[in-house]
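Notes follow the structure.
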Protein chains: 2
Amino acid sequence: MAGRAAEPEVIWARPERAGRGPKPAYSRSDIVAAAVRAADADGIDAVSMRRIAADIGCGTMSLYNYVPRKEDLYELMVDAVSAEYELSEPLGTSGGDWRADMIDMGRQARGILHRHPWVIRLMTTGYAYGPNALRFLEHCLGCLDGLDLPGGAKMELIASVNGTVMTIVANEIALAERARSLPWSGEQEQAVRGAYLMGQLAGGGYPRLAAVLATAGAEPLDPEEVFERTLGRVLDSFVP
Amino acid sequence: MAGRAAEPEVIWARPERAGRGPKPAYSRSDIVAAAVRAADADGIDAVSMRRIAADIGCGTMSLYNYVPRKEDLYELMVDAVSAEYELSEPLGTSGGDWRADMIDMGRQARGILHRHPWVIRLMTTGYAYGPNALRFLEHCLGCLDGLDLPGGAKMELIASVNGTVMTIVANEIALAERARSLPWSGEQEQAVRGAYLMGQLAGGGYPRLAAVLATAGAEPLDPEEVFERTLGRVLDSFVP
DNA sequence: CCGCACTACGTACGGTGTACGTAACTACGA
DNA sequence: TCGTAGTTACGTACACCGTACGTAGTGCGG
């Protein structure tokens with residue numbers, strides 16, 4: 001019997017190497033790195049077991065010795081990417097300014113999500129408790145050490161910052177990511193959708209929306225500015 | 001030549017019925033309704049062209065006369081579901097209290113997302129400008145009519161409310177949705193993951209996290225309470 | 001009334017995740 | 001020390017996916 005039974009398990013609790021058989025020719029991190037590379041280059045849908053196996057240079061089914069199911073590979077990918085956080089030790093980089101620390105975390109998260117847009121799709125499907133996620137949480141709690149807030153509220157603050165960053169970046173990259181799976185270019189898509197929207201607005205059925213987009217939509221707003229402002233608002237909402 | 005060329009187009013601009021040939025046997029809304037039913041019942045991954053065709057009672061490829069690509073079907077599904085908003089006419093239900101109106105919108109959004117959890121996956125991939133989305137935006141702007149805020153800020157407020165609701169509900173249903181694609185039950189999954197987490201916390205590597213979860217995690221917190229509190233914070237962050 | 005755009009549908013292609021069987025190899029228990 | 005159990009690698013096969021393409025029939029616009 002080759003594969004182990006389909007018992008409930010968590011990938012993090014599964015040892016990478018069992019003591020018995022021949023030495024594995026590859027490693028779990030090789031596989032995850034290849035998957036991340038593929039997703040960065042061609043989107044999450046391009047991550048297939050066959051492609052990764054080809055990249056690594058092994059047979060497709062050999063991967064299942066390292067990763068029991070593709071879902072687990074996703075989970076490993078998300079955690080691998082959250083290793084990119086630079087978590088200054090032992091506390092925040094600002095020497096006690098929790099607000100600056102959380103803004104730094106938000107900016108870092110934004111950078112990570114821009115480098116790996118597929119993370120958004122994966123994270124909305126659930127997993128967020130790998131080793132690196134735990135280190136991240138612990139670090140954030142450390143930054144909030146001096147803050148006079150109950151523990152639950154601190155967790156909510158961290159979750160709000162993360163969630164806000166994710167939705168903002170999701171908006172920022174929506175068009176670009178969507179264009180990846182389309183048979184035409186992103187510019188064409190934007191043009192066609194813009195034309196449709198303008199046509200609808202010209203119809204007069206949405207007067208307020210038309211007014212807002214006519215004035216505010218005249219010059220496109222700076223993404224950095226929106227990001228900083230929104231993040232600031234989130235923090236203010238916890239400690240005004 | 002049967003299919004039309006792969007030119008950039010938006011599903012909303014494509015007329016459902018062209019004047020020339022025989023009367024279509026089905027309708028776009030039939031197909032979308034079947035897709036929504038399938039997604040509600042078995043998750044978004046269960047929505048396949050073959051299954052919908054079987055539900056409808058037609059050949060698989062006939063669907064492509066109504067929906068050029070599956071992505072467009074997704075877009076139609078999202079908009080179909082946003083028709084479930086009850087948008088009181090002509091303004092908010094509260095006679096000028098924008099705060100109550102936006103809270104109502106948030107609660108309705110939460111209900112919709114709980115009824116159709118797959119919407120979260122689809123919306124993070126982009127499309128949000130179908131007819132019902134436009135009606136929703138226009139309505140929200142109407143609710144904010146009396147509010148002294150620039151148009152851009154109003155749009156940010158609406159986006160923040162929507163984004164917040166989405167991330168909250170994503171967390172609320174993460175486990176349940178994840179369990180759908182697993183070969184074991186959600187309870188087993190939760191048990192195994194909880195055990196792993198407890199083991200990690202017991203290791204002493206995450207003292208602050210362990211402390212927070214030990215006190216705050218003793219009795220599980222009420223989702224309604226978290227939702228209302230978070231939503232309130234978002235509104236406060238715009239107009240304190 | 002003719003022609004053509006449109007409908008419906010079957011077949012087929014290239015892709016997916018992964019169950020299962022086989023053969024080689026190694027570390028442990030006796 | 002040696003047999004054997006468990007692990008590794010990998011090929012084959014299955015069921016499913018989206019959809020390109022071809023064909024036949026239908027009914028409106030010129």
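In what follows, every heavy atom counts, from backbone to side chain, and hydrogens, waters and symmetry copies are set aside. Every chain is numbered from 1 and lettered A, B, ... according to where its sequence line falls, protein lines coming before strand lines.
Across residues 65-73 of chain B, Lys70(B) each have a non-hydrogen atom less than 4.0 Å from an atom of DNA chain D (numbered order). Against DNA chain D, the stretch residues 34-46 of chain A makes no heavy-atom approach under 4.0 Å. Listed by residue number, Arg50(A), Thr60(A), Met61(A) are the residues of residues 50-61 of chain A with a heavy-atom contact under 4.0 Å to DNA chain C.
Comparing dA8(C), dT18(C), dC17(D) by their closest approach to the side chain of Tyr64(A) singles out dT18(C). Of the candidates dG25(D), dA8(C), dA27(C), dA8(C) carries the atom nearest the Ala25(B) side chain, counting heavy atoms from C-beta on.
With hydrogens and angles left out, the side-chain atoms of Glu75(B) and Trp12(B) include a donor and acceptor closer than 3.5 Å. Of the N and O atoms on the side chains of Asp40(B) and Trp118(B), at least one donor lies less than 3.5 Å from an acceptor on the other residue.
You'll find the side chain of Thr164(B) stays beyond 4.5 Å of the side chain of Thr164(A), heavy atoms only. Within the 4.5 Å cutoff, no side-chain heavy atoms of Ile112(A) are placed close to those of Ser82(A).
Salt-bridge annotation for Glu224(A) and Arg107(A): absent, with no side-chain N of the basic residue lying under 4.0 Å from a carboxylate O of the acidic one. Note on Arg51(A) versus Asp42(A): salt bridge recorded, some NZ/NE/NH1/NH2 to OD/OE distance being below 4.0 Å. The pair Arg28(A)-Asp72(A) does not count as a salt bridge, with every side-chain nitrogen at least 4.0 angstrom from each carboxylate oxygen.
Rounded to whole Å, the distance from CG on Leu63(B) to C1' on dA8(C) is 11 Å. Taking atom CE of Met49(A) as the reference point, atom C1' of dC16(D) lies 17 Å away to the nearest angstrom. In this structure, Ile31(B) places its CD1 atom 11 Å from P of dT7(C), rounding to the nearest Å.
Side-chain N or O atoms of Tyr26(A) include one that pairs as donor or acceptor with a backbone N or O of Gly57(A) at under 3.5 Å.
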Legend entry - Glu177(B)/Thr125(A) under side-chain contact (heavy atoms from CB on, under 4.5 Å): CA gap, chis, key distance, verdict: CA-CA 7 Å; Glu177(B) 274 307 289; Thr125(A) 327; 5.9 Å; no
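A cation-pi arrangement is absent between Arg135(B) and Tyr85(B) under the rule of less than 6.0 angstrom and at most 45 degrees off the ring axis.
When each of Val165(B), Leu113(B), Thr167(B) is paired with Ile120(B), the side-chain contact (heavy atoms from CB on, under 4.5 Å) condition holds for Leu113(B) and for no other.
Residue contacts shown for Ser62(A) include a base, since a base heavy atom lies under 4.0 Å away.
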